[in-house]
A.B. asks: 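Got a structure for you, written out below as structure tokens; questions coming shortly.
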Amino acid sequence: KVLSSYIRSKETVINPLDLNTKLTKGEEIVLLDIRRKKDFNNFLGHIVQAINVPLDELAEMLDKESPMFDGLKEVPVIVIDQSDSLKGLKAAKLLRANGFTNVLLLDGGLIAWIKSKLPTTKLEVRK
């Protein structure tokens, strides 16, 4: 609870229902899921349009000016973690420090998205 109230007071957040509305309208948004790769596709899954860049890889990709981020510095970037976390705060600060102007945290993370009964997906693993 302490972390959640800190995040709400210090960071710009978007709640799951507002984010879903923007996605449904087709607004240009980058969903950046910073969970570890194994968590991105675990039993919880992930939001359909999300790209997975684990926090420990994000700094390196930004340092190398990865083409993945070309042209996205003005586009809203929604940072997604499992729940409200310090990792989400770190990712948001890192993005801002690298020139991203519109960074939001998904309030409550993927857990809040699921509690709002919004859809997730999983990559199919072939056996």
A.B. asks: Between Lys22 (side chain only) and Ile29 (backbone N and O only), is there a donor and an acceptor less than 3.5 Å apart?
C.D. replies: no

A.B. asks: Inspect the surroundings of NZ in Lys37 and state if more than 12 heavy atoms from other residues, nucleotides or ligands are less than 6.0 Å away.
C.D. replies: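 Buried by this count: over 12 neighbours within 6.0 Å.
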
A.B. asks: Going from CG on Asp39 to CD on Gln82, what distance comes out if it is rounded to the nearest 0.5 angstrom?
C.D. replies: 6.0 Å

A.B. asks: What pairs of residues pass the salt bridge (charged side-chain N to carboxylate O under 4.0 Å, His left out) test when at least one of them lies in residues 69-81, not counting sequence neighbours?
C.D. replies: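 Residue pairs passing salt bridge (charged side-chain N to carboxylate O under 4.0 Å, His left out), neighbours aside: none found.
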
A.B. asks: Hey, could you give me the NZ/CG distance between Lys87 and Leu94, rounded to the nearest 0.5 Å?
C.D. replies: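 So the NZ of Lys87 and the CG of Leu94 are separated by 14.0 Å.
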
A.B. asks: Which heavy atom of Asp107 sits nearest to which heavy atom of Ala112, and what is that distance?
C.D. replies: O-CB, 3.3 Å

A.B. asks: Should Leu110 and Val48 be regarded as members of a common hydrophobic cluster, given that ILVMFWY residues are connected when their side-chain heavy atoms come within less than 4.5 Å of each other, either directly or indirectly?
C.D. replies: no

A.B. asks: May I ask whether Ile80 and Phe40 are part of the same hydrophobic cluster, defined by side-chain heavy atoms of I, L, V, M, F, W, Y residues being less than 4.5 angstrom apart, directly or through others?
C.D. replies: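 No, Ile80 and Phe40 fall in different hydrophobic clusters.
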
A.B. asks: In Å, rounded to the nearest 0.5 Å, how long is the span from CG of Leu32 to CG of Leu106?
C.D. replies: 12.0 Å

A.B. asks: Would you give the length of the straight line joining atom CG of Leu72 to atom CD1 of Ile51, rounded to the nearest 0.5 angstrom?
C.D. replies: 7.5 Å

A.B. asks: For residues 52-61, run the donor-acceptor check on the side chains, cut-off 3.5 Å, and write out each pair with its distance to 0.1 Å, sequence neighbours left out.
C.D. replies:
| from | atom 1 | to | atom 2 | distance (Å) |
| --- | --- | --- | --- | --- |
| Asn52 | ND2 | Asp33 | O | 3.1 |
| Asn52 | ND2 | Arg35 | O | 2.9 |
| Glu60 | OE2 | Lys64 | NZ | 3.1 |

A.B. asks: Would a hydrophobic clustering, with Ile, Leu, Val, Met, Phe, Trp and Tyr connected at side-chain separations under 4.5 Å, put Leu89 with Leu19?
C.D. replies: no

A.B. asks: Which atom names give the shortest non-hydrogen contact between Val79 and Ala91, and what distance separates them?
C.D. replies: CG1-CB, 3.9 Å

A.B. asks: Could you note down all residue pairs passing ring-ring contact (aromatic ring centres under 6.0 Å, His included) where residues 91-123 supplies at least one of them, sequence neighbours left out?
C.D. replies: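 Applying ring-ring contact (aromatic ring centres under 6.0 Å, His included) to every pair that reaches into residues 91-123, excluding sequence neighbours, yields Phe69-Phe100.
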
A.B. asks: Which heavy atom of Leu95 sits nearest a heavy atom of Val77, and at what distance?
C.D. replies: CD1-CG1, 3.9 Å

A.B. asks: Please evaluate residues Val103 and Thr12 with respect to the criterion side chain to side chain contact (heavy atoms under 4.5 Å, CB included), reporting the C-alpha separation (whole Å), side-chain torsions for both, the decisive distance (0.1 Å), and the verdict.
C.D. replies: CA-CA 7 Å; Val103 180; Thr12 306; over 6 Å; no

A.B. asks: Between atom CG of Asn15 and atom OG of Ser116, what is the distance when rounded to the nearest 0.5 Å?
C.D. replies: 7.5 Å

A.B. asks: Do Leu31 and Leu118 share a hydrophobic cluster, counting only Ile, Leu, Val, Met, Phe, Trp and Tyr and linking them when any side-chain heavy atoms are less than 4.5 Å apart?
C.D. replies: yes

A.B. asks: Taking all non-hydrogen atoms of both residues into account, name the closest pair between Ser83 and Ile111 and its distance.
C.D. replies: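 Result for this residue pair: CB-CG1, 4.3 Å.
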
A.B. asks: For Val13 and Leu104, run side chain to side chain contact (heavy atoms under 4.5 Å, CB included): C-alpha distance rounded to whole Å, both residues' side-chain angles, the deciding distance at 0.1 Å, then the answer.
C.D. replies: CA-CA 5 Å; Val13 296; Leu104 303 167; over 6 Å; no

A.B. asks: Looking at CG of Leu17 and NZ of Lys117, how far apart are the two atoms once the value is rounded to the nearest 0.5 Å?
C.D. replies: 11.5 Å

A.B. asks: Between Ala92 and Leu105, which heavy-atom pair has the shortest distance, and what is it?
C.D. replies: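 In this case the closest contact between Ala92 and Leu105 is CB-CD2, 4.2 Å.
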
